[in-house]
Amino acid sequence: MLFRSNLIVYSDAGSSYDIYARVLAKHMPNHIPGKPGMIVKNMVGAGGLTATRFLYNVAPRDGTTIGTLSRGIPFEPLLGNTAVEFDPLRFVWLGSMSKETTIYISWHTSKIKTAQDVLNKEFLVAGTGAGADSEVVSRALNGILGTKIKLISGYKGASDAALRLEQEEIEGIYWTWNGINTTHPDWITDRKLNLLFQTRATPHPEIPNVPLVMSLARSDEQRQELALMFARDVLGRPFNAPPELPAARVEVLRRAFNESVKDPALLSDAEKGKMEIELVTGEEVEQIIRNAYATPKPIVEAVRDAMNR
């Protein structure tokens, strides 16, 4: 089909998105006719919008270029980000290599021991940037549920926040379960953490007894608002292609993506790198986004307001 293709990554080399992209780039060509080489290119800037705009407006529409974007990007136009100028439903969604499991944790010495405590007591949580999930989600939960999360901003990223948590400078962080397992497995084995609640629709199989964020909702409206807010977690690490690809190319790329994520060779590499793999098909990603954009306007406005408080 192709002799060479490009995979655009919105984040820095070495980031989790980049690591997943490089594993996919190694194996996906084996499932495309002609076995084209696949070159990973990092295109960092504007919180992911630089790569998004390139894929939407500039990249060739022939299947030679695909990309991976932040799981939150498809929802930015819906939630009122006026800086974005794209329609996520025009992208061709190839699928996701994993669902994300993000969890609020507190240090074992903290007064915050349970999910209910977050509703009743001030909880000092690290903020890792104005557009980062640690801050966006925390503000939204305060607005939607009335949680008492107090953001302590200025941390450079998850690694910096983790160090400060150990030093008890803060009480908690909002981090991926995979990130905790990969970088600080001793926190779990030595019981240094309180696992408060996870922000996904169904429990991660390794932590089935940790409450879901939905357990904190007290009305149907709150449940709808949370469902919209955390649709991004199901997307995990999504891959896409530019709009208006020929149907035949879409079929080839989606099939190749699905086969790659199930490929024993890719799964072996993922296991060595302690990467979680859970296929979400392109059709499923597209439907998740469609469902989000079909959310009643009052619910969307409530989430938008909560995120901007």
Side-chain angles (χ1 to χ4, degrees), residues 1-11 17-44 48-77 84-99 231-232 234-267 269-270 277-293:
M1 176 183 171
L2 310 168
F3 294 101
R4 191 183 75 173
S5 58
N6 296 311
L7 200 171
I8 306 300
V9 181
Y10 88 95
S11 56
Y17 280 85
D18 178 74
I19 291 169
Y20 274 80
R22 290 179 188 276
V23 170
L24 182 69
K26 176 182 175 182
H27 297 281
M28 188 167 169
N30 295 327
H31 300 278
I32 298 176
K35 297 187 177 182
M38 186 171 285
I39 300 172
V40 175
K41 295 183 177 181
N42 298 87
M43 191 172 291
V44 181
L49 291 178
T50 299
T52 304
R53 289 169 178 148
F54 174 80
L55 288 163
Y56 193 77
N57 297 312
V58 180
R61 304 184 178 206
D62 58 3
T64 60
T65 299
I66 64 174
T68 181
L69 303 177
S70 163
R71 62 184 176 274
I73 282 288
F75 306 101
E76 289 292 292
V84 302
E85 299 174 353
F86 69 94
D87 179 355
L89 292 172
R90 290 187 61 210
F91 274 127
V92 173
W93 294 98
L94 305 182
S96 175
M97 292 178 69
S98 72
K99 296 179 182 178
R232 65 186 66 199
V234 183
L235 264 59
R237 292 176 175 81
F239 289 78
N240 68 333
E244 300 172 8
L245 255 62
R249 293 290 171 92
V250 174
E251 182 180 354
V252 168
L253 288 173
R254 281 183 167 175
R255 184 190 312 120
F257 182 86
N258 292 349
E259 292 174 353
S260 301
V261 176
K262 296 176 182 177
D263 189 330
L266 182 148
L267 294 174
D269 283 348
I277 301 293
E278 184 177 359
L279 174 65
V280 183
T281 68
E283 292 86 352
E284 289 172 326
V285 169
E286 182 178 324
Q287 191 58 53
I288 289 166
I289 297 171
R290 287 191 182 280
N291 290 345
Y293 277 77

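Scope of the values below: all heavy atoms of this structure, side chains included, with no hydrogens, waters or symmetry mates. Because the structure is a prediction, the values reported are computed rather than measured.
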message: So which atom in Pro36 and which in Arg4 form the shortest heavy-atom distance, rounded to 0.1 Å?
response: CB-N, 3.8 Å
message: Below 30° counts as parallel, above 60° as perpendicular, anything between as tilted: where do the rings of Phe91 and Tyr56 land?
response: perpendicular
message: To the closest 0.5 Å, what do you measure between OG1 (Thr64) and CD1 (Ile39)?
response: 11.0 Å
field: Heavy-atom side-chain proximity of Leu245 to Leu253 below 4.5 angstrom
entry: yes
message: Any side-chain to backbone donor/acceptor pair from Asn42 onto Ser11? Under 3.5 Å, distance only.
response: yes
- request: State, with a plain yes or no, whether a side-chain heavy atom of Ile66 is found less than 4.5 Å away from one of Met28.
  value: yes
message: When you compare the side chain of Leu24 with that of Tyr20, does any pair of heavy atoms fall below 4.5 Å?
response: no
field: Backbone N/O of Trp93 and side chain of Arg254: donor-acceptor pair under 3.5 Å
entry: yes
task: State whether the side chain of Ser5 and the backbone N or O of Gly37 hold a donor-acceptor pair below 3.5 Å, judged by distance alone.
output: yes
message: Between Ser98 (side chain only) and Gly236 (backbone N and O only), is there a donor and an acceptor less than 3.5 Å apart?
response: no
query: Which atoms form the tightest heavy-atom contact between Gly48 and Tyr10, and what is the distance?
result: CA-CD1, 3.5 Å
message: Is the shortest side-chain heavy-atom distance between Arg71 and Tyr17 below 4.5 Å?
response: yes
- request: Any chance you could lay out the side chain to side chain contact (heavy atoms under 4.5 Å, CB included) test for Glu76 and Thr52, step after step, and finish with the verdict?
  value: CA-CA 11 Å; Glu76 289 292 292; Thr52 304; over 6 Å; no
- request: With rounding to the nearest 0.5 Å, note down the distance linking CE in Met43 to CG in Leu55.
  value: 7.0 Å
- prompt: Given side chains that start at C-beta, do those of Arg53 and Val58 come closer than 4.5 Å, heavy atoms only?
  reply: no
task: State whether Glu284 and Lys99 are salt-bridged, where the test is any N-O pair (Lys NZ or Arg NE/NH1/NH2 against Asp/Glu carboxylate O) under 4.0 Å.
output: no
- prompt: To the nearest 0.5 Å, what is the distance between OG1 (Thr65) and CD1 (Ile8)?
  reply: 6.0 Å
- prompt: Between atom CG of Asp62 and atom CZ of Arg249, what is the distance when rounded to the nearest 0.5 Å?
  reply: 6.0 Å
query: What's the shortest heavy-atom distance between Val280 and Phe257, and which atoms?
result: O-CE2, 4.3 Å
- request: Return the minimal non-hydrogen interatomic distance between Ile73 and Pro77, and the atom names on each side.
  value: O-CD, 3.7 Å
field: Gap separating the CD atom of Glu283 from the CG atom of Leu94, nearest 0.5 angstrom
entry: 10.0 Å
- prompt: Are Arg22 and Asp18 side-chain neighbours, meaning at least one heavy-atom pair lies under 4.5 Å?
  reply: yes
task: Mind checking the CZ-CD1 spacing from Arg237 to Ile277? Nearest 0.5 Å is all I need.
output: 9.0 Å
message: I need the minimum non-hydrogen distance between Pro246 and Arg61, along with the two atoms involved.
response: CD-O, 3.7 Å
statement: Heavy-atom nearest pair, Ala25 first then Leu7, reads CB-CD1, 4.2 Å
